[in-house]
Amino acid sequence: MSQYQSVKGTRDILPEEVVQWKYVEDIVNTLAGLYGFREIRIPVFEYTELFQRGIGSTTDIVGKEMYSFQPDPNGRSVTLRPEMTAGVMRAALQKNLFSLAPVHKLFYIGELFRKERPQAGRQRQFSQFGAELLGVSSPAAVAEVITLMMHVFDSLGLGGLKLRLNTLGDTDDRLRYREALQAWFSPFHNLLDEASKERLEKNPLRILDSKNPAMQELVAGAPRLYDYLKASSLDDFRKVLFYLDERSIKYEIDHRLVRGLDYYCHTAFEVTSSELGAQDAIGGGGRYDALARELGSSVDVPASGFAVGIERLLIIMEKQGLFATIPQDSPTVYLVVQDQALADHGLSIAWQLRRAGIKTEIDLASRSMKAQMREANKVKASYALFLGHLEYETGQYSLKNLVTSEQTTLSLEAVLHFLHEQGQSKPHFS
RNA sequence: GUGAUUGUAGCUCAGUUGGUUAGAGCGCCAGGUUGUGGCCCUGGAGGCCGGGGGUUCGAGUCCCCUCAUUCACCCCA
C-alpha cells in the first residue's frame with residue numbers, strides 16, 4: 001500500500017474502464033445531437049450563492065453537502081458544483097442566450113461534488129450527463145427530455161428500469177396544497193420523526209417521499225397534490241403522459257415522488273433500477289420554470305431537464321453484462337525484434353507502420369522473442385511482424401497471422417499494401 | 001453526522017484451541033536448446049499480516065485505541 005491514497009469518495013478510472021466511459025459518452029453525444037441538443041461546458045465551481053439560491057437553502061445538498069471555500073482572504077465563497085442545472089442556467093442568463101434565440105437545447109457531461117458518506121453507487125466526486133431544454137413551457141419539452149433520456153438507456157441496452165412520474169403543479173397549486181398538508185399533519189405532530197418535523201415547517205412536500213415506514217404509513221392517508229391541481233396543471237401533466245404513451249415509453253405515476261430540489265414544478269420524474277442497492281436512482285429531472293427568476297432573470301425562462309449518474313449507469317451495465325459488445329482497441333501489428341542489435345531498426349519500422357496509419361506495438365524493453373510473442377498474444381494483436389537479422393539483410397519480413405498462425409514473407413511495402421487491403425489502417429495525421 | 005462490517009502478496013482469499021523460516025490460486029518475470037504466441041511443465045520475485053499500544057515466555061491469531069474499507073440510515077445521480 002502506498003503512502004498516499006485517493007481522497008475518500010474519489011476513485012481512479014483506469015484505462016480498461018475509460019473504454020467503457022467513452023462508449024457511454026459517445027452514445028450520449030450522438031443521441032443528444034440527434035435530438036438537437038448542443039454541448040455546453042461550464043466551470044466546476046461557482047459562487048456559493050448561486051447554489052443557495054438555485055437549489056434551495058432547505059435542501060440537504062445546500063445544507064450539508066457542499067464543498068465550499070474561500071479562494072483568497074477577501075474573496076467570496078465559492079463551491080464545487082454539486083449539480084449542473086443552476087450553473088447551466090447561470091451561463092445562459094449571463095451570456096444573454098435568450099436574446100439570440102428564445103429556445104436553447106443544451107447537454108453536458110461532467111463531474112460533480114457532494115460531501116456525503118460514500119456507499120454503493122455514491123461517491124463524493126461523481127459524474128452526470130444531462131440535458132436542459134430552456135425557453136419552452138409546453139409539456140412537449142419535458143416529454144422531449146424524458147424521451148432523450150430513455151433513448152440513451154435503450155441504446156445502451158439497459159434492462160429492468162422503472163420510470164416514475166408525478167406532477168407538482170404550479171406555484172399556486174403547491175401553495176394551496178402545502179397549507180392543506182400542514183393542516184393535515186399538524187394533529188400528528190408527535191408522530192413525526194425529527195426530519196419530518198423540520199420539513200413540516202420548511203417544505204412539507206418532502207415528508208411524502210420519506211423512506212421511514214412509519215412516515216409512509218402516515219402519508220398514505222394524507223391529501224394528494226393531484227386533488228389540488230387546477231385544470232390547466234392537470235392538462236399539462238396529461239399531455240406529457242400522452243406523449244410518452246405515443247412513444248411507447250412505459251411509466252408509473254407515483255404521487256409520493258417529490259424530488260429533493262426546490263426548483264421543480266409540474267412534471268417531476270425519476271428512473272430507478274433494482275440492480276443498484278439502496279441508492280437506486282439512476283436518473284431524474286423535471287420542469288423548473290421558477291429557476292431563472294430565482295437567479296435574477298428579468299424574464300421568465302420555463303425549462304425542463306434531466307440528469308443521469310454515470311457511475312450508477314456503469315454499475316448496471318456491468319451487472320447486465322453489457323460491456324461485451326464494446327470493441328477492443330487492440331493493435332494490428334506487434335513488431336517482434338530478434339535482439340538488441342536490431343532495436344533501433346525495429347523502432348524505425350514501427351514508426352513507418354504508424355505513419356501509414358497501422359496501429360503498431362513494439363517492446364521497448366528488449367525482451368526475448370518468446371516474451372514479445374506472449375505479449376503480442378496478450379494484447380490480442382492481429383499480426384506479428386518479425387524483424388531478425390535475416391529480414392534485416394534481405395528486406396523480406398515475416399508476417400504472421402496470430403489467429404490462423406499462417407505466416408508469409410513480404411517486403412515492407414508489400415506488408416503495408418497487404419494491411420491496407422485488409423482495411424487495417426486508420427485515418428491519421430501526416 | 002449515526003450504525004454495522006471488513007482490513008494477510010498486484011488481485012481473490014486460506015491461516016486450525018495464540019507456538020518454530022506466513023500459504024494457495026490468478027497475475028507478473030524467467031526458462032522448457034539453435035529466431036515464433038495461445039495449452040502445459042519448471043523456477044523466481046513479491047507480505048514490518050492497515051498503524052499504534054497492551055496481555056503473554058511467545059500474537060496474523062486475544063484486548064484497547066486509531067486509520068482505512070464496505071454496506072446501511074439521512075439524502076440523492
Side-chain angles (χ1 to χ4, degrees), chain A residues 1-9 11 14 55 58-65 81-85 109-130 149 193-196 198-199 203 206 209-213 215 257-261 270-273 276-285 305-316 334-339 341-342 363 365 367-392 397-407:
Chain A
M1 180 95 57
S2 81
Q3 189 178 356
Y4 292 105
Q5 57 190 121
S6 56
V7 173
K8 184 198 282 286
R11 52 188 289 257
L14 299 179
I55 303 173
T58 64
T59 61
D60 283 355
I61 293 179
V62 171
K64 58 181 187 183
E65 296 172 2
R81 62 189 185 196
E83 59 108 51
M84 284 286 199
T85 303
I109 301 176
E111 299 73 43
L112 306 177
F113 308 84
R114 291 182 198 171
K115 199 188 305 179
E116 297 182 280
R117 199 74 162 264
Q119 77 186 70
R122 170 195 281 165
Q123 296 162 250
R124 290 183 169 182
Q125 178 180 332
F126 62 102
S127 304
Q128 291 184 344
F129 68 82
M149 178 181 69
D193 58 24
E194 278 309 305
S196 298
E198 204 180 319
R199 287 176 191 156
N203 192 351
R206 296 278 308 287
D209 67 351
S210 171
K211 273 189 197 170
N212 185 338
M215 292 305 102
L257 177 69
V258 173
R259 312 262 325 147
L261 286 54
E270 189 168 279
V271 178
T272 54
S273 163
L276 288 175
Q279 309 308 319
D280 63 353
I282 178 183
F306 75 84
V308 169
I310 301 180
E311 285 83 357
R312 292 185 185 177
L313 186 72
L314 293 170
I315 290 171
I316 299 174
Y334 197 102
L335 190 60
V336 178
V337 180
Q338 188 179 352
D339 58 41
L342 294 168
D363 178 30
R367 295 187 298 169
S368 68
M369 289 185 72
K370 183 185 198 120
Q372 293 178 62
M373 283 302 285
R374 280 181 173 160
E375 184 70 15
N377 199 57
K378 199 168 77 181
V379 299
K380 294 188 166 64
S382 307
Y383 299 91
L385 183 65
F386 294 97
L387 169 59
H389 290 282
L390 187 65
E391 284 83 357
Y392 181 63
Y397 297 84
S398 302
L399 184 69
K400 181 173 189 175
N401 182 319
L402 290 176
V403 178
T404 65
S405 292
E406 286 174 278
Q407 189 165 323

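Between the side chain of A/Arg374 and the base of B/G32, a donor-acceptor pair under 3.5 Å is found. A/Glu391 contributes a side-chain N or O that forms a donor-acceptor pair with the base of B/G35 under 3.5 Å. The base of B/A77 sits with one of its N or O atoms less than 3.5 Å from a complementary donor or acceptor on the side chain of A/Arg114. For B/G32, the base has a donor-acceptor partner in the side chain of A/Lys370 [N/O atoms by modelled type, under 3.5 angstrom]. Judged by distance alone, with hydrogens and angles left aside, A/Gln372 brings no side-chain donor or acceptor close enough to the base of B/U36 to form a pair under 3.5 Å. Side-chain atoms of A/Lys400 and base atoms of B/G37 include a donor and an acceptor less than 3.5 Å apart. On a pure distance criterion of 3.5 Å, no polar donor-acceptor pair joins the side chain of A/Ser398 and the base of B/G35. Side-chain atoms of A/Arg122 stay outside donor-acceptor range of the base of B/C71, with no qualifying N/O pair under 3.5 Å.
Base engagement by A/Glu116 is indicated by at least one non-hydrogen atom pair under 4.0 Å involving a base atom. A/Ile282 comes within 4.0 angstrom of the backbone, heavy atoms only, and of no base. No contact: A/Ala384 has no heavy atom under 4.0 Å from any strand. Residue-level contact check: A/Lys378 touches the backbone only, with heavy atoms under 4.0 Å from sugar-phosphate atoms and none from bases. Using a 4.0 Å heavy-atom criterion, one finds that A/Gln123 contacts the bases of the nucleic acid, with or without backbone contacts as well. A/Gly121 comes within 4.0 angstrom of a nucleotide base, judged by non-hydrogen atoms across all strands.
Distance CD (A/Gln119) to P (B/U2): 16 Å, rounded to an integer number of Å. Between the P atom of B/G3 and the CZ atom of A/Arg117 lies a distance of 9 Å, rounded to the nearest Å. Residue A/Gln5 contributes atom CD, which lies 16 Å from atom P of B/G7 at whole-angstrom precision. In this structure, A/Leu276 places its CG atom 15 Å from C1' of B/A72, rounding to the nearest Å.
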Worked check of side-chain contact (heavy atoms from CB on, under 4.5 Å) between A/Arg312 and A/Phe126: CA-CA 9 Å; A/Arg312 292 185 185 177; A/Phe126 62 102; over 6 Å; no
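Atom-to-atom distance recorded for A/Glu83:CD and A/Ile55:CD1 is 4.0 Å, nearest 0.5 angstrom.
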